[in-house]
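Values reported hereafter were calculated over all heavy atoms of this structure, with side chains retained and with hydrogens, waters and symmetry mates removed. When a ligand or atom number is given, it counts from 1 through the structure's own listing order. Residue indices begin at 1 and follow the sequence shown.
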Amino acid sequence: MKTTVDLEQTLLDICADMTACEDKGVVANYIPELAKVSPDRFGMSVCLADGQQFSAGDAATRFSVQSVSKVFTLAIALGRYGDGLWRRVGREPSTHDFNSVQELEVRRGIPPNPFVNAGAIVTTDMVLADSTPAETLGEILRFIRQAASDEDILIDPAVAASEKLSGHKNWALAHFLKSFQNLKHPCERTLGVYFHHCAIEMTCEQLARFGRFLAGFSKSPNLVSRENIRSINALMMTCGHYNGSGEFAYRVGIPAKSGVGGGILAILPGKASIAVWAPGLNKQGNSLLGTKALEALSRSLDWSVFDSGGQ
Ligand code: GLU
């Protein structure tokens, strides 16, 4: 069993190794604002059950959480609707790209899970319910701030505007959902909220603190029950890295959700909430070095949920 002193050193070593890597992946460029971020950034932060937090590299720098925000909306939707969510979204991994229109047509408008874009758009539509977009975004921000114990978490309006202009696939998905009666609000309204929650900015330190309730060692905000936490972690394990989820489970073995901003939130129930940020992506749209760093951490501390701890 490694001590926390080891953890501090392990994070510094991983950070040095990642910084030295030549292949850093490709920064997302289909959202022009995200393309401005340097692929050389790297940060990591870990919260432990005893309340300690350890960080390395650019852990205090804000980045666009993008699809990590799908965890926020899923938690709110499950809290509010429970199993009602599954009438409109599946909970199976997908072998298609995260923004596949083809898959949605084949599935007659029912997205495979809440983490592919179509599934997250439906989840956002449910969270929006009868509120205004501003009220809904306020609710999402309050939820994150409470979980992270930090009021200083905001939306970057330039990133939201950039995606509104260039997110053609998401517009296509929303129109498909609408045509299958799986979108209650006008496309513009639901996507407006979706683009804005994807444009929330957080640091690794804030994101790791946010994840504490999912790891089971902080009070859960809102209505997120233990049962719902179990569901969220299961979905992160099976679907959190899109069509790269199997590979991620094999290599890292920790439930996690990635975003095209290069962030990953990883939850080791009972043990740790981990956030990593490295903007360069692999071909499935997941952080290349973020995955590598989590694999190194998991191996070094025996942190895979699949590790028996024996021998
Ligand atoms: N806002 C991004 C999109 O809809 C999120 C995708 C991601 O982070 O994986 O394309």
Side-chain angles (χ1 to χ4, degrees), residues 25-37 62-74 89 93-104 111-125 127 133 137 140 144 155-177 183 187-202 204 207 235-236 238-245 247-248 256-266 275-288 290-291:
V26 181
V27 174
N29 54 14
Y30 74 100
I31 302 173
E33 272 305 298
L34 295 185
K36 296 179 181 169
V37 182
R62 289 171 206 275
F63 62 90
S64 191
V65 299
Q66 292 299 316
S67 281
V68 180
S69 67
K70 294 171 182 172
V71 176
F72 314 155
T73 45
L74 174 62
V89 188
S94 165
T95 51
H96 292 256
D97 287 348
F98 68 94
N99 52 8
S100 171
V101 178
Q102 184 201 3
E103 180 177 44
L104 193 58
N113 65 66
F115 288 152
V116 294
N117 283 10
I121 292 168
V122 170
T123 308
T124 300
D125 194 58
V127 172
L137 288 166
I140 296 170
I144 310 164
I155 293 169
D156 182 343
V159 172
S162 181
E163 193 175 355
K164 186 175 179 195
L165 277 178
S166 60
H168 305 298
K169 281 266 188 101
N170 287 327
W171 286 103
L173 290 171
H175 283 285
F176 260 91
L177 289 166
L183 205 71
C187 298
E188 169 101 23
R189 201 173 168 88
T190 302
L191 280 184
V193 175
Y194 172 80
F195 292 146
H196 279 82
H197 74 65
C198 285
I200 290 169
E201 284 194 314
M202 288 170 84
C204 286
L207 193 55
L235 284 157
M236 293 214 285
T238 52
C239 313
H241 280 69
Y242 307 123
N243 43 353
S245 298
E247 178 71 8
F248 187 88
K257 180 72 203 91
S258 67
V260 291
I264 302 176
L265 171 65
V276 61
W277 172 51
L281 308 178
N282 62 20
K283 60 176 190 316
Q284 284 91 13
N286 302 310
S287 174
L288 182 78
T291 304

Judging by distance only, is a nitrogen or oxygen of [X] under 3.5 angstrom from one on ligand 1?
X: I31; result: no
X: K70; result: no
X: Q66; result: yes

Which protein heavy atom lies closest to [atom], and at what distance to 0.1 Å?
atom: atom 9 (O) of ligand 1; value: Y242 OH, 2.5 Å
atom: atom 7 (C) of ligand 1; value: S67 OG, 2.5 Å
atom: atom 10 (O) of ligand 1; value: Y30 OH, 2.4 Å
atom: atom 3 (C) of ligand 1; value: E163 OE2, 3.0 Å

Main-chain N/O of [Y] paired with [X] side-chain donor or acceptor, under 3.5 Å:
X: S245; Y: Y242; value: yes
X: E201; Y: S64; value: no
X: W171; Y: K164; value: yes
X: N282; Y: G285; value: yes
X: S94; Y: P112; value: no
X: K257; Y: V68; value: no

Is there a heavy atom of F195 sitting under 4.0 angstrom from any atom of ligand 1? no

Ligand 1 contacted by N170 (non-hydrogen, < 4.0 Å): yes

Show me which atoms of ligand 1 lie under 4.0 Å from any heavy atom of [X].
X: N117; value: 3 (C), 4 (O), 6 (C), 10 (O)
X: G259; value: 8 (O)
X: F98; value: 6 (C), 10 (O)
X: C198; value: 1 (N)

Is the contact between V260 and ligand 1 made by the side chain, the backbone, both, or neither, using heavy atoms and a 4.0 Å cut-off? both

Residues N117, N170; criterion side chain to side chain donor-acceptor pair (under 3.5 Å); working and verdict: CA-CA 7 Å; N117 283 10; N170 287 327; 2.9 Å; yes

So among V122, V127, I121, which one has a side-chain contact (heavy atoms from CB on, under 4.5 Å) with T190? I121

Give the ring-plane orientation class for Y30 versus F98, where under 30° counts as parallel, over 60° as perpendicular and anything between as tilted. tilted

